[in-house]
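Beneath this line is the structure, given in structure tokens, with notes to follow.
In what follows, every chain begins at residue 1, and chains take the letters A, B, ... in the order their sequences are listed.
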Protein chains: 2
Amino acid sequence: MASGERLPSGVLDIHAEAEPLRLEGFLPYRLNMLATEVSQTLARAYGRKFGISIPEWRVLATLGQFGVMTARDIGGHSRMHKTTVSRAVAALEKRRLIVRRANRADMREAFLALTDAGTTIYQEIVPMARAFSDSLCEGLSETELRQMNVLIDKLAERVASLGNG
Amino acid sequence: MASGERLPSGVLDIHAEAEPLRLEGFLPYRLNMLATEVSQTLARAYGRKFGISIPEWRVLATLGQFGVMTARDIGGHSRMHKTTVSRAVAALEKRRLIVRRANRADMREAFLALTDAGTTIYQEIVPMARAFSDSLCEGLSETELRQMNVLIDKLAERVASLGNG
DNA sequence: GTGGGTTTGTTTCAGCTGAAACGATCAAGT
DNA sequence: ACTTGATCGTTTCAGCTGAAACAAACCCAC
């Protein structure tokens, strides 16, 4: 049976097989393909150039944006698992791209911040990331871009409520 | 400096720091967050119920859609790495959800197809996946949904050309 | 202050992933 | 037929991921 075809009205086809799912038209699948491709293409770019993994880039990006943060807050903002953050932070600290300073008011956590070297790399990656994003959005009108962001927000809100509720 | 603010025209601020990147407004990041959340929420649903991983579900879905295929074609259509396909196929075959039949015309490859048990599970997952997708798209108008698909296509095409060219 | 429960961050461990090497098969040229 | 090179699929191996266990520090009621 062709997609979109209908049974004669009033007839319930209890015994018919379910219509097969066309994967390439299935929104969750389409979203995931696109996002994976986008993410990996960008990651290849800065990975080749700076030897930075995705979690490491996210830590750099978060610290570049907010200045000083704890590992917990970095994870919260960039939605990374605390173990992922812990390892990315350890790697970046070893390469002296970030520093860890004690919080005397709470010795469990530590304040993290970019070093000068870290800031330098950050400021090299940011234009690369922006150029990539701009190039990606080339061909989308201003209206389409706004629409895309609205749609992402709506879907994100929806999936969050599906996951929890 | 606030986002969107401009320097006085004619002035190049050679020495100014680059504007920090707002991660939560950065399209590649936003896309990835959304897709990951959508994918994992759906995977949790059929994972809990049927003990099926994402690669396994993709193999089932591809075979459910196309009937008989080789591992190579499954990977090509669902964009999975050949080792991922190989392992998903082995697991599904062990559970007798798919069968492998030799291609006498080319003994390197094998024809794969759903068994009755595999078809049964497939036909149970499909409505669940459809319901999830429908529920996700609730709140999006027909127009917005069309627009979303147009935008995904445009971005996918664009990122493909960025990756290769 | 002490004990019980919580929070921050690290480590351990088991599972997943993909690059690379591999065996088997095929196709084409000689 | 034999060699060469490509293709299909599996296995190996090294790296990444997150759940769970853990240590250290915190908070608070008693």
Side-chain angles (χ1 to χ4, degrees), chain A residues 32-33 35-37 39-44 46-48 51-59 62-63 68-95 98-113 163, chain B residues 32-33 35-37 39-44 46-48 51-59 62-63 68-95 98-113 163:
Chain A
N32 205 53
M33 287 300 98
T36 300
E37 197 56 36
S39 217
Q40 286 182 355
T41 303
L42 177 56
R44 269 196 301 275
Y46 61 66
R48 264 202 304 269
I52 299 274
S53 72
I54 293 182
E56 284 164 21
W57 154 243
R58 285 193 181 159
V59 169
T62 308
L63 289 178
V68 177
M69 283 182 108
T70 64
R72 176 185 169 280
D73 290 337
I74 292 175
H77 186 260
S78 60
R79 310 258 189 111
M80 281 190 293
H81 195 273
K82 62 178 181 174
T83 61
T84 308
V85 176
S86 174
R87 288 186 268 246
V89 163
L92 291 171
E93 193 188 16
K94 188 180 245 177
R95 289 177 60 184
I98 68 177
V99 282
R100 190 194 306 252
R101 297 206 301 142
N103 174 12
R104 277 183 236 163
D106 185 346
M107 294 301 289
R108 290 172 303 182
E109 61 186 22
F111 293 134
L112 303 169
Chain B
N32 205 52
M33 286 300 98
T36 300
E37 197 58 36
S39 216
Q40 285 181 356
T41 303
L42 176 55
R44 268 197 302 275
Y46 61 65
R48 263 202 305 270
I52 298 274
S53 72
I54 292 182
E56 285 164 21
W57 154 242
R58 286 193 180 160
V59 169
T62 308
L63 289 178
V68 176
M69 283 183 109
T70 65
R72 177 186 168 279
D73 291 336
I74 292 175
H77 186 260
S78 60
R79 311 260 190 108
M80 282 191 292
H81 194 274
K82 62 178 180 173
T83 60
T84 308
V85 175
S86 174
R87 287 186 269 248
V89 163
L92 291 171
E93 193 188 15
K94 189 182 245 175
R95 289 177 61 185
I98 69 177
V99 283
R100 189 193 306 253
R101 296 206 301 144
N103 174 11
R104 279 183 238 160
D106 186 345
M107 293 302 287
R108 290 172 302 182
E109 62 186 21
F111 294 133
L112 304 168

- The residue among Thr62(B), Ile54(B), Val59(B) that forms side chain to side chain contact (heavy atoms under 4.5 Å, CB included) with Met80(B) is Val59(B)
Nearest whole angstrom, please: distance from the [atom2] of [N] to the [atom1] of [X].
X: Arg104(A); N: dC26(D); atom1: CZ; atom2: P; result: 13 Å
X: Met80(A); N: dC16(D); atom1: CE; atom2: C1'; result: 14 Å
X: Ile74(B); N: dC8(D); atom1: CD1; atom2: P; result: 14 Å
X: Gln40(A); N: dA19(C); atom1: CD; atom2: C1'; result: 13 Å
X: Lys94(A); N: dT10(C); atom1: NZ; atom2: C1'; result: 14 Å
X: Asp73(A); N: dG9(C); atom1: CG; atom2: C1'; result: 13 Å
X: Asp106(B); N: dA27(C); atom1: CG; atom2: C1'; result: 10 Å
X: Glu109(B); N: dT7(D); atom1: CD; atom2: C1'; result: 9 Å

- Message: At 4.0 Å (heavy atoms only), tell me whether Thr70(A) reaches a base, stays on the sugar-phosphate, or touches nothing.
- Response: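 Here Thr70(A) touches the backbone only, sparing every base.
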- Task: Looking at every strand, decide which applies to Ala110(B) at a 4.0 Å heavy-atom threshold: base, sugar-phosphate, or nothing.
- Result: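 The residue Ala110(B) makes sugar-phosphate contact but no base contact.
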Under 4.0 Å between a side-chain N/O of [X] and OP1 or OP2 of [N], yes or no?
X: Thr83(B); N: dG18(C); value: no
X: Arg100(B); N: dT10(D); value: yes
X: Thr84(B); N: dG18(C); value: yes
X: Arg72(A); N: dT8(C); value: yes

On a heavy-atom basis, which atom in [X] and which in [Y] lie closest, and how many Å separate them?
X: Trp57(B); Y: Ile52(B); value: N-CG2, 3.4 Å
X: Val89(B); Y: Arg100(B); value: CG1-NH2, 3.7 Å
X: Arg58(B); Y: Ser78(B); value: NH1-O, 4.2 Å

[X] side-chain proximity, nearest of [options]:
X: Arg87(B); options: dG9(D), dT11(C), dT11(D); result: dT11(D)
X: Arg108(A); options: dC26(C), dT7(C), dA19(D); result: dT7(C)
X: Lys82(A); options: dG18(D), dA21(D), dT10(D); result: dA21(D)
X: Ala71(A); options: dC26(D), dA6(D), dG9(C); result: dG9(C)

- Query: Toward the 5' end of DNA chain D, which comes first, Met107(A) or His81(A), by nearest nucleotide?
  - Reply: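 So the residue in question is His81(A).
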- Query: Considering residues, nucleotides and ligands other than Arg95(B), do more than 12 of their heavy atoms fall under 6.0 Å from its CZ?
  - Reply: yes
